[in-house]
Number of protein chains: 2
Amino acid sequence: MPEFTKGELEIMQILWKHGEMKPAEIQEHFPWEITNSSLRSYLSILLDKGHLTRHRRGKAYFYRPRTKQESTFRKMLNELTRACCDGSVEKLLCHLIRSEKLSEDDLLELKRIAEASDEEPTSGKEKS
Amino acid sequence: MPEFTKGELEIMQILWKHGEMKPAEIQEHFPWEITNSSLRSYLSILLDKGHLTRHRRGKAYFYRPRTKQESTFRKMLNELTRACCDGSVEKLLCHLIRSEKLSEDDLLELKRIAEASDEEPTSGKEKS
DNA sequence: AATAAAGTGCGGTACAGTCCGCACGTAAAT
DNA sequence: ATTTACGTGCGGACTGTACCGCACTTTATT
């Protein structure tokens with residue numbers, strides 16, 4: 001149960017970004033060509049799964065996300081960590097830093113964030 | 001084309017960890033109950049997709065990963081970043097740090113790694 | 001009230017993913 | 001050479017995903 005299929009995830013992204021939309025609007029923002037029909041198939045599946053709500057306004061339904069981007073992020077991150085980093089967040093960080101995805105600026109930013117969070121730990125999990 | 005399906009990814013994990021195994025061995029390490037038959041279905045799919053090689057030893061085939069864990073990591077990370085962090089690695093880092101997944105020790109480690117990579121950038125991507 | 005435009009519900013096809021049984025091959029043991 | 005144990009190949013069933021057309025409903029327009 002990988003939370004979302006490819007198409008479903010696309011829709012969630014668009015909705016997370018724009019907040020509330022009707023099918024035709026989502027269709028316009030969709031990253032590839034798709035008919036309104038297909039799009040609405042996804043929408044009703046997401047509705048069934050409980051990831052979306054909708055309510056009528058005018059003659060169309062407007063869809064709104066019920067599942068938070070944040071919680072999806074965590075699930076995907078957990079999966080990634082489990083699958084490719086043997087469940088270790090440390091390995092994840094190492095991979096991340098060695099992955100060439102980070103620019104010089106990112107590294108400095110990272111250091112800054114780490115120091116800030118280190119000094120003022122608002123949500124740090126205790127390990128010892 | 002999400003690279004691997006759930007079942008396929010499980011097998012890749014096991015193989016990444018143990019290096020080379022025959023079906024019966026993989027089956028034992030599989031995280032849930034599955035028949036040898038089903039398992040082998042996955043294996044032949046992975047073989048077709050080119051993610052695995054196999055060669056006979058005794059009367060059984062031994063399977064070995066052809067696709068690297070590292071490259072899978074990158075693809076999954078890209079997808080995660082795109083889907084939940086608007087494509088920004090910075091946001092990914094923020095999410096990560098605020099996600100309560102990191103312990104105090106992790107943060108210190110993070111700072112250490114960041115400093116090390118900062119001083120000796122072996123694979124840093126230029127941004128400016 | 002008739003029409004046009006916009007939107008919905010429903011159903012349907014095609015293919016991928018998951019799961020399995022069974023007949024056949026192979027190699028060692030008797 | 002026959003049996004037994006282990007392993008493989010093949011094909012099948014069932015479910016989910018991706019995708020779409022069409023008939024119907026609703027609202028605004030004239």
Side-chain angles (χ1 to χ4, degrees), chain A residues 1-15 18-65 67 72 75-76 79 82-83, chain B residues 1-15 18-65 67 72 75-76 79 82-83:
Chain A
M1 42 173 86
E3 195 68 23
F4 297 111
T5 67
K6 184 164 175 54
E8 290 170 6
L9 189 55
E10 294 299 339
I11 291 179
M12 292 308 287
Q13 276 174 250
I14 295 169
L15 255 21
H18 294 87
E20 193 183 55
M21 296 170 100
K22 60 180 177 176
E25 292 168 341
I26 301 175
Q27 191 187 356
E28 282 168 19
H29 285 77
F30 214 71
W32 63 85
E33 281 294 311
I34 192 173
T35 63
N36 186 274
S37 226
S38 309
L39 210 233
R40 282 183 297 109
S41 289
Y42 292 158
L43 285 176
S44 59
I45 290 171
L46 284 169
L47 217 54
D48 288 348
K49 290 188 182 172
H51 293 302
L52 255 40
T53 1
R54 69 175 191 181
H55 57 100
R56 231 186 177 112
R57 211 168 62 200
K59 62 182 165 182
Y61 280 110
F62 282 73
Y63 293 79
R64 182 202 300 269
T67 299
T72 302
K75 282 196 179 135
M76 288 180 74
E79 186 54 25
R82 200 180 65 85
Chain B
M1 41 172 85
E3 195 68 22
F4 297 111
T5 67
K6 183 163 175 54
E8 290 170 6
L9 189 55
E10 294 298 339
I11 290 180
M12 293 307 288
Q13 277 174 250
I14 294 170
L15 254 22
H18 295 86
E20 193 184 56
M21 298 169 100
K22 61 178 176 176
E25 292 169 341
I26 301 175
Q27 191 187 356
E28 281 168 20
H29 286 77
F30 214 71
W32 63 86
E33 281 295 310
I34 192 174
T35 63
N36 188 274
S37 227
S38 309
L39 209 232
R40 283 184 297 108
S41 289
Y42 292 157
L43 285 176
S44 59
I45 290 171
L46 283 168
L47 216 54
D48 288 347
K49 290 189 183 173
H51 294 302
L52 256 41
T53 1
R54 70 176 191 180
H55 57 101
R56 233 189 173 107
R57 210 166 64 198
K59 61 182 166 182
Y61 280 110
F62 283 73
Y63 292 79
R64 181 201 300 267
T67 299
T72 303
K75 284 199 179 131
M76 289 180 74
E79 186 54 25
R82 200 181 63 84

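Note that these values count all heavy atoms, side chains included, but never hydrogens, waters or copies made by symmetry. Letters go in sequence order (proteins before strands), and every chain restarts at 1. Here the structure is a predicted model, which means the values were calculated and not measured.
A:Asp48 has its CG atom 11 Å from the P atom of C:dC10, to the nearest Å. One can place CG of A:Leu39 at 13 Å from C1' of C:dG7, the figure rounded to the nearest angstrom. Computed from coordinates, the A:Arg57 CZ to D:dT26 C1' distance equals 17 Å when rounded to whole Å. At whole-Å resolution of the value, CG in B:Leu9 and P in C:dG17 are 13 Å apart. The distance between atom CZ of B:Phe4 and atom P of C:dA16, rounded to the nearest whole Å, is 18 Å. Distance, A:Glu10 CD to D:dA18 P: 10 Å, rounded to whole Å. The CD1 atom of B:Ile26 sits 15 Å away from the P atom of C:dC19 (whole-angstrom rounding). Atom pair A:Glu8:CD and D:dA18:P shows a separation of 6 Å (rounding to whole Å applied).
If you take CG on A:Leu52 and CZ on A:Arg64, they are separated by 10.5 Å, rounding to the nearest 0.5 Å. Separation of atoms CG (A:Leu43) and CD (A:Gln27) is listed at 10.5 Å; rounding is to 0.5 Å. Interatomic distance, CD1 of B:Ile26 versus CD of B:Glu10, reported as 12.0 Å (0.5 Å rounding). With rounding to the nearest 0.5 Å, the separation of OG1 in A:Thr67 from CD in A:Glu3 is 6.5 Å.
Applying the ring pair (Phe, Tyr, Trp, His ring centres under 6.0 Å) rule to pairs touching residues 20-46 of chain A yields A:His18-A:His29, A:Phe30-A:Trp32, sequence neighbours excluded.
Between A:Arg82 and A:Glu79 there is a salt bridge, with a side-chain nitrogen of the basic residue lying less than 4.0 Å from a carboxylate oxygen of the acidic one.
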For nucleotides 6-15 of chain D, 5' to 3', base contacts (B), sugar-phosphate-only contacts (S) and non-contacts (-) with protein non-hydrogen atoms under 4.0 Å give SSBB------
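Contact check, B:Ser38 against C:dC20: a side-chain N or O comes under 4.0 Å of OP1 or OP2.
With D:dC19, C:dG17, D:dA18 as the choices, the nucleotide that has an atom nearest any side-chain atom of A:Thr5 turns out to be D:dA18.
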